[in-house]
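See structure below.
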Amino acid sequence: MLELFEKAKLYKNRAAIVSDNTTYSYDDLITKSSVVAANLLNNTADLKEARIAFLVPPSFEYVAVQWGIWAAGGIAVPLCVQHPLPSMEYVIQDSGAMVIIVHEDFHELLKPLEANSNIEIRTLKEIFKNHSSVLPDLVPDRRAMMLYTSGTTNKPKGVVTTHAIIQSQITTLVDAWEWTKEDYILNILPLHHVHGIINVLSCALWSGACCEFHAKFSAKEVWSAILSGKMSLFMAVPTIYYKLIAFWEGEDKENQLQMSEAASGLRLMVSGSAALPVPVLEKWKSITGQTLLERYGMTEIGMGLSNSYRGERRPGYVGLPLPGVEMRLVDKDRNILDKDMPGEIEIKGPCVFKEYWRKEEATKKAFTKDGWFMTGDIAMLHDGMYKILGRDSVDIIKSGGYKISALEIEDVLRGHHDIDDCAVVGVEDEEWGEVVAACLLTSNKALDLNELSDWAKTKLPGYKIPRKYIIQNKLPRNVLGKVTKNKLKTLF
Ligand code: MCA
Ligand code: AMP
């Protein structure tokens with residue numbers, strides 16, 4: 001049996017999950033996920049890495065389904081509740097999932113998929129129907145999860161991890177950040193990415209701790225949870241800390257004092273998924289006394305570098321490689337660099353993903369001949385610690401902690417009948433890190449940009465919609481005809 005499940009069995013009636021104001025124990029989780037597994041197996045012995053997509057908001061039910069898929073030998077493919085149908089359809093088709101488990105609230109949305117294919121949609125009610133079965137014996141090298149991430153290709157790729165990789169990603173963090181079963185964490189992050197799934201949810205469950213879900217981020221609700229005094233840990237993207245600060249600033253002095261006092265009692269607050277601006281770190285420290293621990297990670301590697309839990313947390317730096325993670329910086333010719341020289345981060349170790357799903361060429365291209373994963377992130381070792389300097393590609397945008405491919409958005413925008421051509425870039429923004437900005441070529445002098453955004457929302461998740469537009473007669477290009485995106489950025 002997987003070590004995660006073995007541990008959960010020992011935690012018995014300890015609180016595992018709080019969602020919708022209900023507390024669920026580890027026993028509840030084992031029982032419910034075994035029912036899901038039995039229903040998925042449907043009298044067969046093993047799902048044998050069948051991809052099972054699931055569209056369930058962050059909740060106890062989400063975890064029961066995820067664990068149920070694992071227990072039955074399947075690959076869990078979480079869908080995001082905020083995505084429009086075409087984004088989900090892409091993931092379902094690309095992953096080859098033939099079964100989708102859906103929360104009743106989203107059944108209607110997915111029905112068109114069922115009508116046009118052999119895909120079977122099963123509601124939570126069906127999948128939670130009492131049933132039992134012998135569960136397969138799983139070896140850790142089995143594929144377990146697939147998370148879709150944007151890259152330098154226009155469509156997201158499925159990043160495949162095995163149980164062993166997931167376990168390595170979890171245990172590194174449990175050790176480094178000293179998780180215990182007494183911990184209590186609030187999870188307000190989306191559950192189709194590593195940050196919410198591994199760093200928060202899975203580390204908590206591995207440790208016998210409790211994870212409380214809020215289905216959606218709200219600064220007011222997070223502050224209420226902090227004020228409740230239950231939380232010992234919190235993890236979020238920089239934009240969320242920015243929003244929590246803004247909320248605090250809007251309160252009266254007395255409330256501010258209480259909020260600050262409550263936040264100062266947590267044992268650890270972590271920031272990641274995007275660069276934490278030093279002014280945000282400093283402001284958070286001044287109002288809560290907490291020095292945010294910044295770490296660096298990627299869907300393909302889990303977490304790679306981290307500031308220290310007990311030692312120095314240096315503003316603007318991401319610390320040192322986590323135990324078990326091998327890292328080096330290289331120049332464009334892949335020569336290993338010395339300190340104080342900017343270079344690309346390459347990573348090796350048991351935390352690194354197995355493959356891009358059914359993309360052999362892309363997988364091969366992502367690794368050096370001797371097995372180092374090339375992250376595309378540029379960093380420098382300075383005074384004993386690493387600092388992230390940026391990315392090697394202008395086509396990757398980070399907004400609100402989400403990774404976004406400029407090429408994917410351009411592809412969609414070009415599909416609009418009024419758009420002759422376009423180029424998309426990320427423009428620096430205090431709150432979001434970057435915001436998506438599009439330069440459009442159009443012959444329609446009366447183009448309504450709000451209508452264009454509304455149209456794009458039917459094709460792309462909200463966070464990928466451009467927030468800034470400019471209309472030009474031509475795109476800036478170099479002598480080779482390539483759009484000069486850095487020049488384009490200056491136009492915004
Ligand atoms: C939403 N809005 C935006 C953006 N998103 N404006 C500009 N840029 C954006 N990216 C606007 C909406 O249009 C709306 O505006 C208002 O903000 C509220 O929208 P809503 O969707 O409700 O936003 P939110 O819920 O407040 O979302 C902010 C958020 C979210 C909570 C920060 O972006 C989020 O959950 N980010 C986390 C992503 C994450 O977990 N990434 C990890 C992947 P109006 O009010 O005018 O309509 S990275 C990872 O896993 C690696 C391994 C790692 O290192 O961690
Ligand atoms: P994702 O592919 O969504 O997992 O995003 C991973 C990317 O987020 C990395 O390749 C980095 O570019 C960025 N990232 C994550 N953590 C940090 C950080 N602390 N500072 C700067 N960039 C970060």
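Both ligands and their constituent atoms are indexed starting at 1 by order of listing. In this text the structure is predicted, and so the values were computed from the model without any measurement.
Annotation: Y62 is in aromatic contact with F54 [ring centroid separation under 6.0 Å].
Protein residues having at least one heavy atom under 4.0 Å from any atom of ligand 2 are T149, S273, A274, A275, E294, R295, Y296, G297, M298, T299, V318, D377, I388, R391, K398, K403, listed by chain and number.
The residue from H195, K398, H193 that alone fulfils the side chain to side chain donor-acceptor pair (under 3.5 Å) condition with S273 is H195.
Distances from ligand 1 to the non-hydrogen atoms of K468 include no value under 4.0 Å. The closest approach between G462 and ligand 1 stays at or above 4.0 Å for every heavy atom of the residue. Distances shorter than 4.0 angstrom do not occur between any heavy atom of Q82 and any atom of ligand 1.
Shown in contact with T299 at under 4.0 Å from a heavy atom are these atoms of ligand 1, numbered in order with element: 52 (C). Within the listing of ligand 1, atoms 54 (O) sit less than 4.0 angstrom from a heavy atom of G297. Near K398, meaning under 4.0 Å from one of its heavy atoms, ligand 1 places the atoms 48 (S). For ligand 1, the atoms closer than 4.0 angstrom to any heavy atom of P190 are 35 (O), 37 (C), 38 (C), 39 (C), 40 (O). Atoms of ligand 1 found under 4.0 Å from any heavy atom of V194, numbered from 1 in the order shown, are 50 (O), 52 (C). The distance from ligand 1 to the heavy atoms of M298 drops below 4.0 Å at these ligand atoms: 52 (C), 54 (O).
Given atom 14 (C) of ligand 1, the protein heavy atom at minimum distance is R467 NH1, 4.8 Å. Considering only non-hydrogen protein atoms, atom 1 (C) of ligand 1 sits nearest to W432 CH2, 3.4 Å. Looking at atom 42 (C) of ligand 1, its nearest protein heavy atom turns out to be S273 OG, 3.5 Å. Protein heavy atom at the shortest distance from atom 43 (C) of ligand 1 is G401 O, 3.5 Å.
Both the sub-6.0 Å distance and the 45° axial angle are satisfied by K157 relative to the ring of Y356. For the pair K155 and Y90, the cation-pi test (distance below 6.0 Å, angle within 45°) is passed.
An N or O contact shorter than 3.5 Å is missing between H193 and ligand 1 by distance. Between R295 and ligand 1, a contact under 3.5 Å exists for at least one N or O pair. For S399, a nitrogen or oxygen atom sits less than 3.5 Å from a nitrogen or oxygen atom of ligand 1, counting backbone and side chain alike. Some N or O of K216 is nearer than 3.5 Å to an N or O of ligand 1, by distance alone.
With a 6.0 Å radius and a threshold of 12 heavy atoms from other residues, nucleotides or ligands, K485 has its NZ atom above the threshold. The neighbour count for E430 CD, taken as heavy atoms of other residues, nucleotides or ligands under 6.0 Å away, does not exceed 12. The neighbour count for E428 CD, taken as heavy atoms of other residues, nucleotides or ligands under 6.0 Å away, does not exceed 12. Counted within 6.0 Å of CG on D20, heavy atoms from surrounding residues, nucleotides or ligands total 12 or fewer; the atom is thus considered open.
Not one N or O on the side chain of D392 forms a donor-acceptor pair closer than 3.5 Å with the backbone of I378. Counting only distance, with no hydrogens or angles, the side chain of T161 and the backbone of I165 share no donor-acceptor pair below 3.5 Å.
Here H195 has heavy atoms under 4.0 Å from ligand 1 in both its backbone and its side chain. Residue contacts with ligand 1 for I240 involve side-chain atoms from C-beta outward but no N, CA, C or O (heavy atoms, distance under 4.0 Å). With a heavy-atom cut-off of 4.0 Å, K403 does not touch ligand 1 at all. By the criterion of a heavy-atom distance under 4.0 Å, neither the backbone nor the side chain of Q169 is placed next to ligand 1.
Between the side chains of Y317 and D383, no donor-acceptor pair of N or O atoms lies under 3.5 Å. With 3.5 Å as the limit, one finds a donor-acceptor pair spanning the side chains of S260 and W248.
Contact check for K216 versus E221: no side-chain heavy atoms found under the 4.5 Å cut-off. Residues Y24 and E61 are in side-chain contact: their nearest non-hydrogen atoms beyond the backbone lie under 4.5 Å apart.
Using a cut-off of 4.0 Å between Lys/Arg side-chain N and Asp/Glu carboxylate O, R143 and E355 are scored as salt-bridged. Using a 4.0 Å cut-off between a side-chain N of Lys or Arg and a carboxylate O of Asp or Glu, R334 and E346 qualify as a salt bridge. No salt bridge links K459 with D411; every basic N to acidic carboxylate O contact stays at or beyond 4.0 Å.
Using bins of under 30°, 30° to 60° and over 60° for the plane-to-plane angle, the ring pair Y463/H83 lands in the tilted bin. Between F353 and F367, the ring planes are parallel. Angles under 30° get that label, and only those over 60° would be called perpendicular.
Of the candidates F217, Y241, Y463, Y402, it is Y402 that places a heavy atom closest to atom 34 (C) of ligand 1.
Counting only heavy atoms, the protein never gets under 4.0 Å from atom 45 (O) of ligand 1. Distance remark: protein heavy atom present below 4.0 angstrom from atom 5 (N) of ligand 1. Put simply, atom 37 (C) of ligand 1 has protein non-hydrogen atoms near it, under 4.0 Å away. Protein heavy atoms are found inside the 4.0 Å sphere centred on atom 22 (O) of ligand 1. Atom 9 (C) of ligand 1 lies below 4.0 Å from at least one non-hydrogen atom of the protein. In this structure, atom 18 (C) of ligand 1 has its sub-4.0 angstrom surroundings free of protein heavy atoms.
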For the pair S453 and Y469, evaluate side chain to side chain donor-acceptor pair (under 3.5 Å) and give the outcome as yes or no after the intermediate values. CA-CA 10 Å; S453 283; Y469 292 101; 2.9 Å; yes

